Amino acid sequence: MPELPEVETIVRQLTPRLSGRRVLRMEVLDPLLGTLETELIEGRLIGGLRRVGKQVGLALVAPRRAVPSHGLSPDRLEREASWLLIHLRMTGRLTWEKDADGPTTPPTRARLRLDRGALLFRDVRRLGTLRVCRNWAEARPAGLDPLAPGLGARRLGQLLGGCPTPIKPWLMRQDRLVGLGNIYASEALFAARIHPARPVGSLTMAEVTRLHRRLRAILRRAIEMGGTSFSTFENALGRPGAYQERLGVYGRAGQPCPRCKTPIVRFVQQQRSTFFCPRCQSEEEGCISRSREMRP
DNA sequence: ATTATATCCTGATCGC
DNA sequence: TGCGATCAGGATATAA
């Protein structure tokens with residue numbers, strides 16, 4: 001379940017390894033991936049990597065460029081590059097392999113052969129996708145990145161608007177904010193002490209501010225810790241993250257809330273598990289001051 | 001327009 | 001011990 005911090009971890013690990021490499025051949029092994037415009041990729045240089053929402057974006061530039069190991073600047077890539085977007089969905093993995101010529105083993109779904117080594121896309125559940133875009137305008141997602149410098153509490157408030165949708169499913173809508181999935185949506189609301197079923201329009205400005213601050217803090221912290229390995233996530237080096245040790249509510253139904261010891265509750269929202277603390281995250285707005293008194 | 005449901009996929013887990 | 005049913009969830013398609 002790679003969400004924003006997990007994808008960011010992978011991008012950071014792969015950037016020095018892949019930047020400047022020349023793509024020799026794109027091998028699509030799983031027919032479920034469909035046909036791709038490989039001519040926008042093959043023969044070009046990897047100008048850099050970038051997280052595009054929950055996707056890993058490989059930026060490809062003309063082969064005469066000199067590319068530093070940290071990649072070309074973001075604005076340069078936005079002007080010049082074509083993009084390979086890799087969506088890992090649930091079980092997708094990206095790893096660099098030294099041997100680019102040997103036989104591939106399942107569940108390898110695609111292999112990008114480079115002038116040195118190869119990038120392997122493995123994915124047991126085969127839900128992941130590959131997409132080729134000719135430019136940044138095609139590749140850029142509709143939703144805003146929660147860690148973008150321009151996304152202040154005010155902007156988030158405007159984005160939320162007054163709709164009656166429950167806040168938790170709203171946070172997972174990729175056409176509004178990109179990068180949040182089931183884990184971090186629950187965690188952000190717990191940290192901000194907002195009930196997951198609260199209508200978006202009912203949030204006070206104070207709550208929006210709190211959500212904004214907590215959300216960004218959690219994502220940054222999770223990136224520092226290499227993401228969350230809840231069940232299956234592994235980074236580009238085949239190692240787990242560490243943020244699962246800091247999860248407050250996700251996957252902890254029945255266990256005591258780390259803040260007030262009340263048992264964590266699980267319920268289903270839009271066919272997905274939502275976890276929350278019934279005491280810290282009151283259904284009604286206005287109980288914040290009370291829960292604040294509970295703090296040690 | 002918005003919201004709800006079904007679908008995809010496969011390994012792990014559960015109940016009998 | 002074995003086997004079928006259920007679950008996990010990101011995104012999209014279709015239905016209401």
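In what follows, chains are A, B, ... by sequence order, proteins preceding strands, each numbered from 1. Predicted, not measured: the structure shown is a model, and the values here were computed from it.
- Per the geometry, CZ belonging to A:Arg89 stands 8 Å off C1' belonging to C:dT12, to the nearest Å.
- For the pair A:Lys54 and A:His87, the minimum side-chain heavy-atom distance is below 4.5 Å.
- Remark: P of B:dA1 and CG of A:Asp175 are 13 Å apart, rounded to the nearest angstrom.
- The side chain of A:His87 places no N or O atom within less than 4.0 Å of a non-bridging phosphate oxygen (OP1 or OP2) of C:dG10.
- No side-chain donor-acceptor contact under 3.5 Å links A:Glu187 and A:Tyr243.
- Heavy atoms from other residues, nucleotides or ligands lying under 6.0 Å from CZ of A:Arg213 number 12 at most.
- Atom CG in A:Leu130 sits about 15 Å away from atom C1' in C:dA11, given to the nearest Å.
- With sequence neighbours excluded, the residues satisfying side chain to side chain contact (heavy atoms under 4.5 Å, CB included) with A:Pro68 are A:His70, A:Leu72.
- Classification of the A:Phe275-A:Tyr250 ring pair by plane angle, with boundaries at 30° and 60°, yields perpendicular.
- Following rounding to the nearest Å, A:Leu85 (CG) and C:dA11 (P) show an atom-to-atom distance of 12 Å.
- Taking only side-chain nitrogens and oxygens, A:Thr91 never comes nearer than 4.0 Å to OP1 or OP2 of B:dG11.
- The A:Leu32 side chain lies nearest to B:dC9 when the options are C:dA8, C:dG10, B:dC9.
- The separation between A:Arg126 atom CZ and B:dT10 atom P is 5 Å, rounded to whole Å.
- Under the side-chain hydrogen bond (donor to acceptor under 3.5 Å, both in side chains) criterion, A:Arg216 pairs with no residue at all, not counting sequence neighbours.
- Legend: salt bridge (charged side-chain N to carboxylate O under 4.0 Å, His left out) pairs involving residues 140-150 of chain A, not counting sequence neighbours, sorted by first then second residue: A:Arg51-A:Asp145.
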Distances under 3.5 Å between nitrogen or oxygen atoms of protein and nucleotides 3-7 of chain B:
unit_1, atom_1, unit_2, atom_2, d
B:dT3, OP2, A:Thr165, OG1, 3.2

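- Here A:Arg131 lies out of heavy-atom contact (under 4.0 Å) with every strand.
- Ion pairing between a basic and an acidic side chain is recognised when a charged N comes within 4.0 Å of a carboxylate O; A:Arg22 and A:Asp115 show no such pairing.
- Rounded to an integer number of Å, the gap from A:Asn182 CG to C:dG10 P is 5 Å.
- Distance CG (A:Leu88) to P (B:dC9): 18 Å, rounded to an integer number of Å.
- The distance between atom OH of A:Tyr250 and atom P of C:dC7, rounded to the nearest whole Å, is 14 Å.
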Donor-acceptor list for residues 150-172 of chain A side chains, cut-off 3.5 Å, not counting sequence neighbours:
unit_1, atom_1, unit_2, atom_2, d
A:Lys168, NZ, A:Asn182, OD1, 2.3
A:Lys168, NZ, A:Ser273, O, 3.3
A:Lys168, NZ, A:Thr274, OG1, 3.1

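- For DNA chain B, the neighbouring residues in residues 118-125 of chain A, judged by any heavy atom under 4.0 Å, are A:Val124, A:Arg125.
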